[in-house]
Amino acid sequence: GSEETLEACSKSVASTTDHGDDIGVRCKFSQECEACPAGKFSSTVGTSTCIECGVGKYSSTPSSSACVACEAGKASSATGASSQSTCATCNLGAYSAAASASCTDCTAGRYGTAPPSGACPVCEAGKASSTIGATSESSCTSCSSGISSADRSHCVCGLGSAPDLSSPTSLPTGQLQDASSVRIRDDSNNSPTFDSEGVVSGRIEVKPSGETAWGTIYGYNWDDVDALVACREIGNELGYATISGTALSRDDTPDGSGEVWWSNVYCSGSEETLEACSKSVASTTDHGDDIGVRCKFSQECEACPAGKFSSTVGTSTCIECGVGKYSSTPSSSACVACEAGKASSATGASSQSTCATCNLGAYSAAASASCTDCTAGRYGTAPPSGACPVCEAGKASSTIGATSESSCTSCSSGISSADRSHCVCGLGSAPDLSSPTSLPTGQL
């Protein structure tokens with residue numbers, strides 16, 4: 001019925017010459033024009049019909065060649081609207097672009113204007129709001145760290161600090177945001193709200209790499225270790241410290257819908273993402289066995305103690321200094337390397353005294369876990385340093401861990417090997433096999 005010609009319709013080539021079944025039509029035409037009524041328009045000369053205004057638009061007068069868009073901050077889901085009054089003003093805490101069918105709540109980190117407009121202003125830097133549909137700028141509260149996330153939905157810790165797990169005031173509030181590849185959904189299929197203990201729980205949904213749709217995980221073998229990794233992935237991305245993560249029973253997990261992406265998820269506990277865990281592609285679409293989690297987070301910041309550091313804004317935990325390094329002051333954004341000639345095998349060292357001086361005849365580069373004996377042909381310095389000097393040409397030393405240059409003795413041939421570990425014969429000569437004094441000594 002939408003075609004403009006019979007040629008455009010579906011048809012077959014006739015297999016008969018019998019005209020007894022020829023078909024006919026009765027057509028009624030008009031050549032006079034009438035104005036398109038309110039609620040409709042015609043934008044083309046010679047059109048055969050007036051078109052209804054679409055959602056988010058209206059036409060209040062006849063003979064319209066276009067419909068008028070509802071202004072930003074208003075919306076209409078009606079088609080064929082004939083009055084501007086169908087454009088309803090958005091609620092406080094919501095917004096809409098011009099010609100919208102519906103209004104959208106302001107996201108966390110933003111707030112609504114009065115009257116509502118086409119966008120929600122963002123909280124200023126250093127402030128955050130976890131409220132969806134916030135109605136005023138007062139929802140944006142100052143971060144104790146002075147730093148808010150990029151989307152202003154939560155506060156994050158600065159360099160040299162991490163979330164405080166001991167303070168009740170550090171517990172997050174409001175609605176949990178989605179991470180990019182994992183999210184939690186409650187009984188109403190919404191993102192859950194933090195309880196008074198900083199806990200959120202619900203069904204886990206994932207969006208695997210390369211996929212655009214969210215889906216669930218089949219619950220076979222799901223346990224607390226797997227749940228902790230899921231919570232950690234959310235916490236790390238959103239700037240929370242993950243205090244705990246536990247698996248919900250199947251009876252306590254609300255059923256999902258749509259895709260079931262994975263089954264047989266197995267995490268060792270060290271992974272930062274569920275994607276990094278062992279898993280199988282699900283072979284079911286049954287959502288009766290969807291899995292869930294209970295995550296507890298913290299968001300207030302405390303200075304990293306001595307022996308730990310934080311080099312990233314928004315980190316969820318302070319990291320222990322590695323071997324060969326130390327941090328002697330709180331709030332460190334980096335650990336200090338033990339200087340050359342010293343070493344430390346300790347992790348989390350909080351004092352420079354853990355950097356022990358190498359023994360004479362040994363050396364170490366900066367930030368070393370241990371010292372290394374000088375090789376043959378070299379000797380140690382006092383104090384030890386980052387390298388062992390080599391014996392001068394014409395001298396050699398077979399001693400490993402030599403403590404002074406005196407270990408380098410002159411070669412009777414006047415020629416030493418390239419690494420100075422032994423003497424060699426010159427042109428026109430070879431080792432004397434008859435003399436006991438010509439036999440080598442020391443370590444091969």
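- Val390 and Gly377 get closest at one heavy-atom pair: CG2-O, 3.4 Å.
- Put simply, the side chain of Ser280 never gets that close to the backbone of Ala282: no donor and acceptor are under 3.5 Å apart.
- Side-chain contact between Glu124 and Glu137 is present, with heavy atoms from C-beta onward closer than 4.5 Å.
- For the side chain to side chain contact (heavy atoms under 4.5 Å, CB included) with Ile217, the lone residue among Val182, Val265, Asp290 that qualifies is Val265.
- Judged by distance alone, the side chain of Ser77 and the main-chain N or O of Ala101 form no donor-acceptor pair under 3.5 Å.
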Query - side-chain contact (heavy atoms from CB on, under 4.5 Å) between Trp261 and Thr216, worked out - result: CA-CA 6 Å; Trp261 285 123; Thr216 62; over 6 Å; no
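- The structure places CG of Asp255 at 11.0 Å from CG of Asn189, a figure rounded to the nearest 0.5 Å.
- The side-chain heavy atoms of Phe297 and Glu197, taken from C-beta on, include no pair separated by under 4.5 Å.
- Here the side chains of Ser83 and Ser60 are not in contact, with every heavy-atom distance at 4.5 Å or above.
- When all heavy atoms of Ser139 and Ser129 are compared, the pair lying nearest together is O-CB, 3.3 Å.
- Here the side chain of Asn264 pairs no donor or acceptor atom with the backbone of Lys279 at under 3.5 angstrom.
- Within 6.0 Å of atom CD in Glu4, 12 or fewer heavy atoms from other residues, nucleotides or ligands are found, so the atom counts as exposed in its surroundings.
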Show the atom names and distances, to 0.1 Å, of all donor-acceptor pairs under 3.5 Å that link a side chain in residues 356-363 to residues at least two apart or in another chain.
none

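- Residues passing the side-chain contact (heavy atoms from CB on, under 4.5 Å) test with Ser149 are Asp151, Ser153, His154, Val156, sequence neighbours excluded.
- Residues Ala69 and Ala99 approach most closely at CB-CB, 3.7 Å, considering heavy atoms.
- Of all heavy-atom pairs spanning Ala343 and Cys338, the tightest one is C-SG, 4.5 Å.
- Ser310 places no side-chain N or O within donor-acceptor distance of the main-chain N or O of Cys318, the cut-off being under 3.5 Å.
- Checking Glu237, Glu233, Lys207 one by one against Ser180, the side chain to side chain donor-acceptor pair (under 3.5 Å) holds for a single residue, Glu237.
- At distances below 3.5 Å, at least one donor-acceptor pair connects side-chain atoms of Trp222 with backbone N or O atoms of Gly292.
- Looking at heavy atoms from C-beta onward, Thr135 lies out of side-chain contact with Tyr111 at the 4.5 angstrom threshold.
- Here the straight-line distance linking atom OG of Ser100 with atom NZ of Lys57 works out to 11.0 Å at 0.5 Å rounding.
- Look at Asp105 and Arg110 and you find no salt bridge, because none of the NZ, NE, NH1 or NH2 atoms lies under 4.0 Å from a carboxylate O.
- To the nearest 0.5 Å, atoms NZ (Lys74) and SG (Cys103) are separated by 10.5 Å.
- Of the charged side-chain nitrogens involved, none lies within less than 4.0 Å of a carboxylate oxygen, so that Glu320 and Lys308 do not count as a salt-bridged pair.
- Counting heavy-atom neighbours within 6.0 Å of Arg185 CZ, excluding the residue itself, gives a total above 12.
- Judged by distance alone, the side chain of Asp223 and the main-chain N or O of Asp226 form a donor-acceptor pair under 3.5 Å.
- Looking at every heavy atom in both residues, Cys277 comes nearest to Val229 through SG-CG1, 4.0 Å.
- Each of Ser191, Pro192, Cys231 was evaluated against Val200; a single residue qualifies, Pro192, per the side chain to side chain contact (heavy atoms under 4.5 Å, CB included) test.
- The closest donor-acceptor contact from the side chain of Glu271 to the backbone of Gly269 lies under 3.5 Å.
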Report task. Determine, step by step, whether Ile400 and Thr375 satisfy the side-chain contact (heavy atoms from CB on, under 4.5 Å) criterion, reporting the C-alpha distance in whole Å, the side-chain angles of both residues, the deciding distance to 0.1 Å, and the verdict. Result -> CA-CA 5 Å; Ile400 294 176; Thr375 58; 5.8 Å; no
Query - Test side-chain contact (heavy atoms from CB on, under 4.5 Å) applied to Phe309 and Leu159, step by step - result: CA-CA 8 Å; Phe309 74 102; Leu159 299 178; over 6 Å; no
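- Using modelled atom types, one side-chain atom of Ser148 and one backbone atom of Gly126 make a donor-acceptor pair closer than 3.5 Å.
- No donor-acceptor pair under 3.5 Å is formed between the side chain of Ser413 and the backbone N or O of Cys425.
- The two residues Ser257 and His287 make their nearest non-hydrogen contact at C-NE2, 3.3 Å.
- Once rounded to the nearest 0.5 Å, the distance linking OG1 of Thr193 with CG of Leu176 reads 9.0 Å.
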Requested in this report: In sequence, state the C-alpha distance, the side-chain angles, and the governing distance for Tyr240 and Phe194, and then conclude on side-chain contact (heavy atoms from CB on, under 4.5 Å).
Outcome: CA-CA 12 Å; Tyr240 298 135; Phe194 287 102; 3.8 Å; yes
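- With hydrogens and angles disregarded, a donor-acceptor distance shorter than 3.5 Å links the side chain of Arg203 to the backbone of Pro254.
- Taken from CG in Leu274 to CZ in Arg232, the straight-line distance is 10.0 Å, to the nearest 0.5 Å.
- Here the SG-CD1 distance, from Cys295 to Ile184, works out to 4.0 Å after rounding to the nearest 0.5 Å.
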